Amino acid sequence: MNLELPARPPFSLATAVHSHGWVQLAPFGEDRAAGVLHCVIHLDSGRVVALEVREGGPGVQVSPDTTLTGDEAAEVGRTVTWMLGLDQDFTDFYALAGDEPKLAAMEAQAQGRILRSPTLFEDTVKTILTTNTAWSGTIRMVRRLVDTYGAPLPTDPDRKAFPRPERLAAVDPEELRRAAGLGYRAPYVAELAGAVAGGSLDMEALRETDLPTPELRKQLLSIKGVGDYAAANLLMLLGRYDFLPVDSWALRVVSHEWHGGEPIGRSEVEEAFQAWGPWRGLAYWFWDWSYNSAS
DNA sequence: GGTAGACCTGGACGC
DNA sequence: GCGTCCAGGTCTACC
């Protein structure tokens with residue numbers, strides 16, 4: 001049983017999937033040559049299913065590895081729509097970007113969507129695990145977290161879904177530190193999982209909130225382990241582009257783009273994209289960096 | 001509000 | 001093979 005999900009044009013599955021490194025993080029996977037995105041998700045019914053997502057029509061075709069009930073199929077539809085931002089509309093941004101040579105190709109390439117995990121909880125944990133470590137470390141930590149605590153896929157137990165909050169909340173932080181190699185980040189993940197599992201923090205409600213972006217940012221910053229960079233990264237995933245996720249890479253590319261490679265600070269990065277107003281994060285994310293392409 | 005130091009891991013490097 | 005250094009954001013204490 002395949003699901004056909006429409007996307008607001010322009011849309012490209014490959015562009016959305018490769019919008020950042022998230023596809024390299026478990027339980028995502030891909031067959032790049034075949035143009036297939038793989039993922040394993042844990043449904044509300046308790047079942048764990050594998051999905052294959054292909055571009056099809058003006059949207060995507062989703063192939064589960066098992067027969068789904070009506071409710072489960074509807075949940076898969078909502079989840080994949082969220083993950084790929086199928087209903088996102090960048091018309092206003094494209095109108096501005098068309099006048100900027102460094103962004104002018106965005107509409108033709110259907111850029112703008114940023115691959116998300118099935119839940120904001122999962123994306124928040126993954127974002128915490130990007131901080132203060134190399135990308136290879138993030139890949140390793142997420143993989144070990146999924147392998148150690150994720151619910152197995154019945155048809156292939158070696159493949160697992162991202163662990164649910166209640167599962168991680170039940171793990172001693174010291175075990176998280178050792179078993180998943182999270183280091184000092186372990187108590188942050190444990191505290192977040194505990195808050196979500198205990199009901200004191202409804203992460204998924206933040207996906208639909210009408211809160212102004214600065215207020216939403218404050219809520220994200222109240223999560224231990226989420227600082228300026230991580231909050232801005234999560235806001236980007238939530239479709240709020242008012243803040244820039246300034247990390248060491250941002251300092252490097254902005255320095256080479258406008259400051260001759262000289263050391264710069266956060267303020268120079270923010271100043272570079274100030275003119276883009278509520279779209280500044282998107283302009284930064286998809287900027288055609290001269291340093292990046294030359295290195 | 002700004003700053004210094006600690007946190008943790010793995011990779012690079014020198015010996 | 002071993003030891004040392006470094007990169008990578010956030011938190012806490014302190015000024």
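Since the structure is predicted, the reported quantities are computational estimates derived from the model, not experimental observations.
Between the A/T133 side chain and the A/T130 main chain, no donor and acceptor come within less than 3.5 Å of each other. In this structure a side-chain-to-backbone donor-acceptor pair under 3.5 Å is missing from A/S117 to A/T119. At distances below 3.5 Å, at least one donor-acceptor pair connects side-chain atoms of A/R113 with backbone N or O atoms of A/G85.
Side chains of A/S12 and A/Q109: no donor on one and acceptor on the other come within 3.5 Å. At a cut-off of 3.5 Å, with distance as the only test, no side-chain donor of A/T69 or A/D71 sits close to an acceptor on the other residue. Between A/W287 and A/E257, the side chains place a donor N or O and an acceptor N or O closer than 3.5 Å (distance only, hydrogens not considered).
Atom CG of A/L201 sits about 10.0 Å away from atom CD of A/E191, to the nearest 0.5 Å.
Only A/N132, A/R140, A/R144, listed by number, bring a heavy atom of residues 127-146 of chain A to less than 4.0 angstrom from any atom of DNA chain B. Residues from residues 214-238 of chain A that place a heavy atom under 4.0 Å from any atom of DNA chain B: there are none. A heavy atom lying under 4.0 Å from DNA chain B marks the following residues of residues 177-196 of chain A, by number: A/R177, A/G181, A/G183, A/Y184.
Residue pairs satisfying the salt bridge (charged side-chain N to carboxylate O under 4.0 Å, His left out) criterion with at least one member in residues 117-136 of chain A, sequence neighbours excluded, are listed as follows: A/E122-A/K126. Pairs engaging residues 195-214 of chain A under the salt bridge (charged side-chain N to carboxylate O under 4.0 Å, His left out) rule: A/E204-A/R207 [sequence neighbours left out].
Applying the salt bridge (Lys or Arg N to Asp or Glu O under 4.0 Å) rule to A/E30 yields no partners; only residues at least two apart in sequence or on another chain are considered. Considering only residues two or more places apart in sequence or on other chains, A/R47 meets the salt bridge (Lys or Arg N to Asp or Glu O under 4.0 Å) condition with A/E72.
Note: A/W279 and A/Y241 have parallel aromatic rings, judged against thresholds of 30 and 60 degrees for the angle between ring planes.
Under the 4.5 angstrom side-chain criterion for Ile, Leu, Val, Met, Phe, Trp and Tyr, the cluster partners of A/V40 are A/V48, A/L153. Its side chain outside the 4.5 Å cluster rule for every partner, A/V36 clusters with none of the Ile, Leu, Val, Met, Phe, Trp and Tyr residues.
Chain A approaches DNA chain B within less than 4.0 angstrom (heavy atoms of the protein), and the contacting nucleotides run 5' to 3' from B/dC7 to B/dG11. Here chain A contacts DNA chain C (any atom closer than 4.0 Å to a heavy atom, that is under 4.0 Å), and the contacts span C/dG8 to C/dT12 from 5' to 3'.
The existence of a salt bridge linking A/R266 and A/E268 is excluded, since no basic side-chain nitrogen approaches an acidic carboxylate oxygen closer than 4.0 Å.
Annotation: cation-pi geometry not satisfied between A/R116 and A/W22 (NZ/CZ under 6.0 angstrom from ring centroid, within 45° of ring axis).
Between its opening and closing five pairs, the helix from B/dG1-C/dC15 to B/dC15-C/dG1 changes axis direction by 30°, a value rounded to 10 degrees.
Within a 6.0 Å radius of NZ in A/K102, other residues, nucleotides and ligands contribute more than 12 heavy atoms.
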